[in-house]
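Everything on this sheet refers to the single structure shown next.
This one's a predicted model, so the numbers in the text were calculated from it and none came from an experiment. Order of the sequence lines sets the chain letters (A, B, ...), proteins ahead of strands, with each chain counted from 1.
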Protein chains: 2
Amino acid sequence: MDETTPGDPAGHARLGPQHRELLGQVLDKWSLEVLDRLCERPRRFNELRKTVPEITQKSLTTTLRRLERNGMVERVIVSTRPLGVEYRIAPLGKTLQDLIDALLEWSADNLPAVQQARQRFDAEFGAD
Amino acid sequence: MDETTPGDPAGHARLGPQHRELLGQVLDKWSLEVLDRLCERPRRFNELRKTVPEITQKSLTTTLRRLERNGMVERVIVSTRPLGVEYRIAPLGKTLQDLIDALLEWSADNLPAVQQARQRFDAEFGAD
DNA sequence: CAGAATCCCTCTGGATACTG
DNA sequence: CAGTATCCAGAGGGATTCTG
C-alpha cells in the first residue's frame, strides 16, 4: 500500500504554510516571553514592559495584538482612574504553557553548549 | 533574602538577550521543519529541499549553516560520484527533538481554533 | 549535486513624538 | 496609563545566475 514513493524518501509529517505561519506568530522573538509572563498572572501594559526591559512599546503592542488575534491572550479594560488595560492568558494560550516552559528551560540548559559549538565553528570556518 | 523588589512584581524567570537569540535561531521559520526532518534520518541537501518544498536554496543553506554553527546538525561530506553532502542531527539537536515534535503537533491540533479566533477578532476589530 | 554570489524588495523593529 | 503615528535603517528572503 502507498506505493507512491518507494521507500517514502520524503517523510510524511509535513506541515503546511499555515502551520508555519501560526508557529511563526507564536514563537517569535517576544511572544514566548510575553506569554510566559502572562501565564504567571494577568498583567498591565507597563508592567509587561518592565518584565521584558528590552522590548519597545511598539513591539509590545504589536506582539500583544497578534497574540490577541490568535486567541492566545485576552485584553480586558479595567475602569480604574485614568485608564487600565489588563492582559491575561486565554484558554488557547494556556495550551502552550508547558511547551513554552520547556523551551525557556531548554534555552537556559543548553546555552553553554551552544556557545561552545559556536566557538568551535567560528574557529574552524570563521577564521579560515 | 532577595528583598530587592517588594512583592517581586516583575517575576523571576527572565531570560537574557542571549537566550532570546538562541531561541530565535532554533525556532525560526524553517529550522523547526529542517530539524524535524533530520531527526528522522540523515538527509542530503536536495532531499531536504523536496521535503520542504517552499524553501529556497538560499534559505535552506542559511538555515543549515546556522544550525550547524549552533551545534544542532552535522555536515558530513560523502565522497560519492559527483559530490555528496549529508546532514544529520547532532547530539545537541537531539535534545530538541521532543520539543519540536510537541510544537508541530500543537500547531496541527490548534490551528482550527486559532483560525476561529482570528475570524472573531477580524470581525470585531478588523471590520469596525 | 551542493552550493556561492548578486540584485532587490519587503517586512521587522528601533527611535521618537503625539494623544484619549 | 496605554497606546497610535511616523520615519527610517537593517535583516530576511525570493529569484536568478554562476561554479567546484
Side-chain angles (χ1 to χ4, degrees), chain A residues 9-10 17 20-34 37-38 42-70 73-88 121 124-126 128, chain B residues 9-10 17 20-34 37-38 42-70 73-88 121 124-126 128:
Chain A
R20 211 140 41 213
E21 187 212 7
L22 171 54
L23 288 172
Q25 303 214 347
V26 162
L27 301 180
D28 84 287
K29 191 177 182 184
W30 302 113
S31 296
L32 277 185
E33 280 175 272
V34 168
R37 287 297 159 288
L38 293 179
R43 293 184 189 267
R44 306 269 290 262
F45 189 84
N46 281 332
E47 196 187 344
L48 274 173
R49 283 193 70 172
K50 281 167 207 143
T51 68
V52 190
E54 33 276 297
I55 196 173
T56 63
Q57 171 276 317
K58 182 188 175 183
S59 296
L60 181 53
T61 300
T62 307
T63 300
L64 286 169
R65 281 284 170 284
R66 184 168 29 199
L67 290 176
E68 188 193 356
R69 189 173 106 92
N70 286 323
V73 310
E74 283 161 7
R75 185 170 178 270
V76 183
I77 309 238
V78 184
S79 300
T80 46
R81 319 65 161 252
L83 231 166
V85 179
E86 197 179 78
Y87 292 92
R88 57 177 61 183
F121 184 92
E124 184 173 0
F125 299 104
D128 187 57
Chain B
R20 211 140 41 214
E21 188 212 7
L22 170 55
L23 288 171
Q25 303 214 348
V26 162
L27 301 180
D28 84 287
K29 192 178 182 183
W30 301 113
S31 296
L32 277 186
E33 279 174 271
V34 169
R37 286 299 158 285
L38 292 180
R43 292 183 189 269
R44 307 269 287 260
F45 189 84
N46 280 333
E47 195 186 345
L48 275 172
R49 283 194 70 171
K50 280 167 207 142
T51 68
V52 189
E54 34 275 296
I55 196 172
T56 63
Q57 171 273 318
K58 182 187 176 184
S59 295
L60 181 54
T61 300
T62 308
T63 300
L64 286 169
R65 282 283 170 285
R66 185 166 30 199
L67 290 177
E68 189 192 356
R69 189 172 105 93
N70 286 325
V73 310
E74 283 161 7
R75 185 171 178 270
V76 182
I77 309 237
V78 183
S79 300
T80 46
R81 324 65 165 247
L83 230 164
V85 179
E86 197 179 79
Y87 292 93
R88 57 176 61 183
F121 184 92
E124 183 173 1
F125 300 104
D128 185 58

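- Closest to the A:R66 side chain, of the nucleotides C:dG13, C:dA2, D:dG3, is C:dG13.
- Under 4.0 angstrom from either OP1 or OP2 of C:dA2 there lies at least one side-chain N or O belonging to B:R44.
- Proximity note for A:F45 (side chain, C-beta onward) versus C:dC1, D:dA15, D:dG3: the nearest is D:dG3.
- With a 4.5 Å cut-off on side-chain heavy atoms, A:L48 and A:L64 count as touching.
- Of the residues listed (A:R43, A:K50, A:R44), the one engaging A:E47 in a side-chain hydrogen bond (donor to acceptor under 3.5 Å, both in side chains) is A:R43, and it is the only one.
- Considering only the side chain of A:K29, C:dG14 comes nearest among C:dG14, D:dG3, D:dG13.
- A straight line from CG of A:L60 to C1' of D:dC1 spans 13 Å, rounded to a whole angstrom.
- In this structure, B:E86 atom CD and C:dC1 atom P are separated by 15 Å, rounded to whole Å.
- OP1 and OP2 of C:dA2 both lie 4.0 Å or more from every side-chain N or O belonging to B:R75.
- Rounded to a whole Å, the CG atom of B:L27 is 17 Å from the C1' atom of D:dG12.
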#### Entry: Full working for side chain to side chain contact (heavy atoms under 4.5 Å, CB included) between A:I77 and A:R75
CA-CA 7 Å; A:I77 309 238; A:R75 185 170 178 270; 4.0 Å; yes

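- As rounded to whole Å, 14 Å separates atom P of C:dC1 from atom CG of B:L48.
- If you measure from atom CD of A:E54 to atom C1' of C:dA15, you get 16 Å, rounded to the nearest angstrom.
- Nearest nucleotide to the B:Q57 side chain, out of D:dG13, C:dG13, C:dA5: C:dA5.
- Closest approach to the A:R65 side chain among D:dT4, D:dG14, C:dA4 is made by D:dT4 (side chain taken as heavy atoms from C-beta onward).
- A:L64 places its CG atom 11 Å from the C1' atom of D:dG3, with the value rounded to the nearest Å.
- A 4.5 Å side-chain heavy-atom check between A:L32 and B:L27 finds at least one atom pair inside the cut-off.
- Residue B:T56 places at least one side-chain N or O under 4.0 Å from the OP1 or OP2 atom of D:dG14.
- Listed nucleotides D:dG12, D:dT4, C:dA2 differ in distance to A:T61; the shortest reach to its side chain belongs to D:dT4.
- Distances shown here put a side-chain N or O of A:S59 below 4.0 Å from the OP1 or OP2 atom of C:dG14.
- Residues B:T63 and B:S31 form a side-chain contact, since some pair of their non-hydrogen atoms from C-beta on lies under 4.5 Å apart.
- For A:Y87 and D:dG3, the shortest distance from a side-chain N or O to OP1 or OP2 is below 4.0 Å.
- One can place CD1 of B:I55 at 8 Å from P of D:dG14, the figure rounded to the nearest angstrom.
- The distance from atom CD of B:E47 to atom P of C:dC1 is 12 Å, rounded to the nearest whole Å.
- A sub-4.0 Å separation between OP1 or OP2 of D:dC1 and a side-chain N or O of A:R49 is absent.
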